[in-house]
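Letters go in sequence order (proteins before strands), and every chain restarts at 1. FYI, side chains are in, hydrogens and waters are out, and symmetry mates aren't considered; it's all heavy atoms of this structure. All values derive from a computational prediction rather than experimental measurement.
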Amino acid sequence: MSQDNNGIKAKLFRWYQENQRVLPWRGSKDPYKIWLSEIIMQQTRVAQGTPYYLKFVEKYPLVTDLASADEQEVLKLWQGLGYYSRGRNLLKAAQQIVFEYKGVFPCEYNEVIKLKGIGPYTAAAIVSIAYNKPHAVLDGNVYRVLARLYAIEIPINAPQARLVFQKQADALLDKKNPGVFNEAMMELGATVCLPKNPDCPNCPVLSYCKAYKSGSQNILPRKLASRSVKTRYFHYLMIKKSGKFYIRQRLAGDIWQGLFELPLIETNEVDFLTINQINEILDTKITFLKPIQKTMHKLTHQHLEIVFYEADMATPIRDNGQILTDNKGLKQYPLPRPLELFLNDYLCKPDSIS
DNA sequence: GATGCGTGGTA
DNA sequence: TTACCAAGCAT
């Protein structure tokens, strides 16, 4: 078995040398840049995350630059990437590094994992790639590669999976070059050992793959059924007031924490809102209401049916926290994707604001 | 330890 | 079109 593992590693390393993609953060030993790339790439495709990595490195070349930013500014740069807690935690961790570690990135796994937003995967990735420490990463790619290589039937999202797969990853890890090994395993999963229709003919470790041997590469890894999607109904009001309009910041405990949006009414119904309903909900006097756009926005476990309205009211909204802004001022506010799309479209129309 | 958190690509 | 899911983490 140990012989098999040596063979796997040799084939994997050779394949990685010849087939690795060129990525902006590859080859860097700067823990700050490795950390940045790892956070940005969590649950994110390389093509989607890469422009954000480049933006962040340019705007914040050093961890001290990032630590002195404010949250709204970081979220604005993060806008459109999703999972915004990553952006908020990125800032907190930068401040931890500056104030608790004097600006020097910690190099021990047990210290790195204490940083906000860094869990077992990211800590292992950073210390193995930046400092060549022997910690095996376990991400979606590695789970899939290991499940097939060793024909592991335990669902990868089952509670006991982490322990079992970590054991396999640790056993296979190349202790001399853990960083390259980790990157090679992930690269194999990302480019060859794909979730659907894996490219087995081009796999460097095909001869060791138990799943391939038994023809089960298309049903592994197993996965427990995910929970259902719920639908929510959002009604956004474009309320204009002397060339400006109202926005407000979303709070903790729901999607899009820290981002900004138009005044929102959420209902349990698909229907359009009436003036009377809004007057009751907001305790105000609506003088004009017109639905102008309807859209569906899909999150992983929520489907949002969104209606945008133009509205006028006799008195301003009582609710504190409302901000008046205009087309130009809006640029500093991070927006959820559907709000960004709507406002871009709406505000570029002549006469939209008057 | 189960659940919540985005967006966009792919088949 | 729908379903899956991509370099996970916090609570």
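- In terms of phosphate contacts, A:Tyr143 brings no side-chain nitrogen or oxygen within less than 4.0 Å of OP1 or OP2 of C:dA7.
- Looking at A:Asn276 and A:Asn279, their side chains never bring a donor and an acceptor atom within 3.5 Å of each other.
- What separates OH of A:Tyr83 from P of C:dA10 is a distance of 14 Å, to the nearest Å.
- Checked against A:Leu237 for a side chain to side chain contact (heavy atoms under 4.5 Å, CB included), the options A:Leu282, A:Leu262, A:Leu264, A:Asp312 give a single hit: A:Leu282.
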Filtered N/O pairs between nucleotides 2-4 of chain B and protein, under 3.5 Å:
residue	atom	partner	partner atom	Å
B:dG4	OP2	A:Arg227	NE	2.8
B:dG4	N7	A:Arg227	NH2	3.2

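- If you take atom P in C:dT11 and the same atom in B:dG6, they sit 14 Å apart, rounded to whole Å.
- Residue contacts shown for A:Lys298 include a base, since a base heavy atom lies under 4.0 Å away.
- Considering only side-chain N and O atoms, A:Arg144 lies nowhere under 4.0 angstrom from the phosphate OP1 or OP2 of C:dC5.
- For the pair A:Asp139 CG and C:dC9 C1', the computed distance is 14 Å after rounding to whole Å.
- For A:Thr122 against C:dG8, a side-chain-to-base donor-acceptor contact under 3.5 Å is absent.
- Separating the P atom of C:dA7 from that of B:dG4 is a span of 23 Å, rounded to the nearest Å.
- Atoms NZ (A:Lys114) and P (C:dC9) sit 17 Å apart, rounded to a whole Å.
- The side chain to side chain contact (heavy atoms under 4.5 Å, CB included) test with A:Arg232 is passed by exactly one of A:Ile255, A:Ile306, A:Thr267: A:Ile255.
- Residues A:Lys213 and A:Ser207 approach most closely at NZ-O, 3.9 Å, considering heavy atoms.
- Between A:Tyr53 and A:Trp25, the angle of the ring planes goes over 60°, which puts this pair in the perpendicular group of the 30/60° scheme.
- Atom NZ of A:Lys196 is separated from atom P of C:dA3 by 11 Å (rounded to the nearest Å).
- Annotation for A:Leu138 and A:Ala169: closest pair CD1-CB, 4.2 Å, computed over non-hydrogen atoms.
- Atom C1' of nucleotide C:dC9 and atom CZ of A:Arg162 are separated by 10 Å, given to the nearest angstrom.
- If you take CG of A:Leu90 and P of C:dC9, they are 13 Å apart, rounded to a whole angstrom.
- Between A:Tyr309 and A:Phe272, the ring-plane angle classifies as perpendicular under the 30° and 60° cut-offs.
- Around the CG atom of A:Asn268, the shell of radius 6.0 Å holds no more than 12 heavy atoms that belong to other residues, nucleotides or ligands.
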**OP:** Quick one: do A:Phe56 and A:Trp78 satisfy ring-ring contact (aromatic ring centres under 6.0 Å, His included)? Show the steps, please.
**Re:** CA-CA 9 Å; A:Phe56 269 86; A:Trp78 200 272; 5.6 Å; yes
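- Position along DNA chain C of the nearest nucleotide to A:Lys92 versus A:Asn141 favours A:Asn141 as the more 5'-ward residue.
- Note on ring orientation: taking the six-membered ring where Trp is involved, the planes of A:His135 and A:Tyr109 are parallel (angle under 30°, cut-offs 30° and 60°).
- Between A:Gln277 and A:Ile265, every side-chain heavy-atom pair lies at or beyond the 4.5 Å cut-off.
- For the C1' atoms, the distance from C:dG8 to B:dG1 is 15 Å, rounded to whole Å.
- Counted within 6.0 Å of NZ on A:Lys11, heavy atoms from surrounding residues, nucleotides or ligands total 12 or fewer; the atom is thus considered open.
- Remark: C1' of B:dT7 and CH2 of A:Trp78 are 12 Å apart, rounded to the nearest angstrom.
- Atom CD of A:Glu340 is separated from atom P of B:dG6 by 15 Å (rounded to the nearest Å).
- OP1 or OP2 of B:dT7 has at least one side-chain nitrogen or oxygen of A:Trp256 nearer than 4.0 Å.
- Within residues 16-25 of chain A, the residues approached by DNA chain C to less than 4.0 Å at the level of any non-hydrogen atom are A:Arg21, A:Leu23, A:Trp25, in residue-number order.
- DNA chain C is contacted by both A:His303 and A:Leu138; A:His303 maps to the nucleotide lying nearer its 5′ end (nearest heavy atom per residue).
- The aromatic ring centroids of A:Phe105 and A:Tyr32 lie 6.0 Å or more from each other.
- Residues of residues 26-62 of chain A having a heavy atom closer than 4.0 Å to DNA chain C, listed by number: A:Arg26, A:Glu38, A:Met41, A:Gln42, A:Gln43, A:Arg45.
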